[in-house]
Amino acid sequence: MTPADLLVAARGLLEHDKQSAVGGWPRAVAFLTRQALEQALSDLWAGSRATTGLSECPMKTQLLCLPAYLEPGLAREIGYAWAALSNACHYHPYELAPTAAELSGWMTAVSNLTTSIALAREP
């Protein structure tokens with residue numbers, strides 16, 4: 001699946017299940033969104049010979065390198081979104097699940113990343 005497909009699935013799940021007070025939908029949305037982010041970064045690194053090896057590095061290393069290839073504000077936003085999504089993917093018995101608004105904001109950040117990558121690839 002492409003990052004766009006993953007985001008569509010996440011948005012669909014968010015819109016369909018956010019009215020429900022029970023269930024694991026927030027974690028499922030977080031998983032799909034984080035997967036879209038990681039896939040988008042993998043696509044970014046694969047797009048250039050100079051960065052092909054970065055996709056093999058740990059995610060924190062990839063996020064540290066990101067400001068050299070994207071606008072620094074977007075790179076910071078993506079770093080925050082990845083950390084927040086990673087936290088949301090893990091079960092914490094005494095913490096609340098992320099809200100629909102938080103999840104939507106993180107999805108917007110990932111969408112901005114995919115748009116930025118697509119624009120950078122245009123001739």
Side-chain angles (χ1 to χ4, degrees):
M1 291 182 82
T2 67
D5 293 337
L6 291 165
L7 285 174
V8 166
R11 285 208 188 275
L13 187 59
L14 178 67
E15 292 301 318
H16 180 265
D17 288 335
K18 73 179 180 184
Q19 302 301 325
S20 173
V22 296
W25 67 268
R27 186 170 296 133
V29 171
F31 274 120
L32 288 169
T33 306
R34 188 178 79 173
Q35 185 64 38
L37 188 156
E38 291 173 353
Q39 182 64 43
L41 287 181
S42 181
D43 293 348
L44 173 66
W45 305 137
S48 169
R49 290 187 122 189
T51 59
T52 53
L54 276 172
S55 62
E56 303 299 321
C57 294
M59 185 54 64
K60 288 184 180 183
T61 303
Q62 294 179 40
L63 293 171
L64 285 172
C65 295
L66 200 54
Y69 298 96
L70 294 176
E71 192 268 320
L74 178 59
R76 282 190 303 273
E77 185 178 14
I78 293 303
Y80 171 77
W82 182 81
L85 287 165
S86 293
N87 189 46
C89 288
H90 296 286
Y91 178 72
H92 304 282
Y94 297 106
E95 291 182 14
L96 296 174
T99 65
E102 288 173 320
L103 290 165
S104 181
W106 300 331
M107 283 189 282
T108 300
V110 176
S111 179
N112 291 343
L113 172 67
T114 59
T115 301
S116 179
I117 292 170
L119 291 174
R121 287 192 178 156
E122 288 183 0

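The structure displayed is predicted, hence computed values, not measured ones.
Rounded to the nearest 0.5 Å, atoms OG1 (Thr2) and CG (Asp43) are 8.5 Å apart. Atoms CZ and CG, on Arg34 and Asn87 in that order, are 10.5 Å from each other to the nearest 0.5 Å. Note: Met59 CE to Leu37 CG = 6.5 Å, rounded to the nearest 0.5 Å. Rounding to the nearest 0.5 Å gives a distance of 12.0 Å between CG of Leu70 and CZ of Arg76. If you take CG on Leu113 and CD on Glu71, they are separated by 12.0 Å, rounding to the nearest 0.5 Å. Here the CD-SG distance, from Gln35 to Cys89, works out to 9.5 Å after rounding to the nearest 0.5 Å.
Taking both residues in full, the closest heavy atoms of Thr52 and Ala46 are given as CG2-O, 4.3 Å, listed atom of the first, atom of the second, then distance. For the pair Ala10 and Met107, the tightest heavy-atom approach, listed with the atom from each and the gap, is CB-SD, 3.6 Å. Between Leu103 and Pro98, the shortest heavy-atom contact is CD2-CG, 4.0 Å. Smallest separation of non-hydrogen atoms from Arg27 and Ala88: NE-O, 3.8 Å. Closest approach of Ala28 to Leu13, counting heavy atoms only: CB-CD2, 3.4 Å. Taking each heavy atom of Gln62 and Ser55 in turn, the nearest pair found is NE2-O, 3.5 Å.
Under the 3.5 Å distance criterion, with hydrogens and angles disregarded, no donor-acceptor pair is assigned to the side chains of Glu56 and Trp45.
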So Tyr69 and Leu41, side-chain contact (heavy atoms from CB on, under 4.5 Å) or not? Walk me through it. CA-CA 11 Å; Tyr69 298 96; Leu41 287 181; over 6 Å; no
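Following chains of ILVMFWY side-chain contacts shorter than 4.5 Å, one cannot reach Leu54 starting from Leu64, and the two form parts of different hydrophobic clusters. Note on Phe31 and Ile78: separate hydrophobic clusters, where clusters join Ile, Leu, Val, Met, Phe, Trp and Tyr whose side-chain heavy atoms are under 4.5 Å apart, directly or indirectly.
Between the side chain of Ser116 and the backbone N or O of Asn112, no donor-acceptor pair lies under 3.5 Å. Side-chain N or O atoms of Thr115 include one that pairs as donor or acceptor with a backbone N or O of Ser111 at under 3.5 Å. Ser86 contributes a side-chain N or O that, together with a main-chain N or O of Trp82, makes up a donor-acceptor pair within less than 3.5 Å.
Within the 4.5 Å cutoff, no side-chain heavy atoms of Leu44 are placed close to those of Thr51. For the pair Trp106/Tyr80, a side-chain contact is recorded, criterion being any heavy-atom separation below 4.5 Å from C-beta on. Here the side chains of Pro3 and Glu38 are not in contact, with every heavy-atom distance at 4.5 Å or above. Looking only at side-chain heavy atoms (C-beta outward), Leu7 and Thr33 come within less than 4.5 Å of each other.
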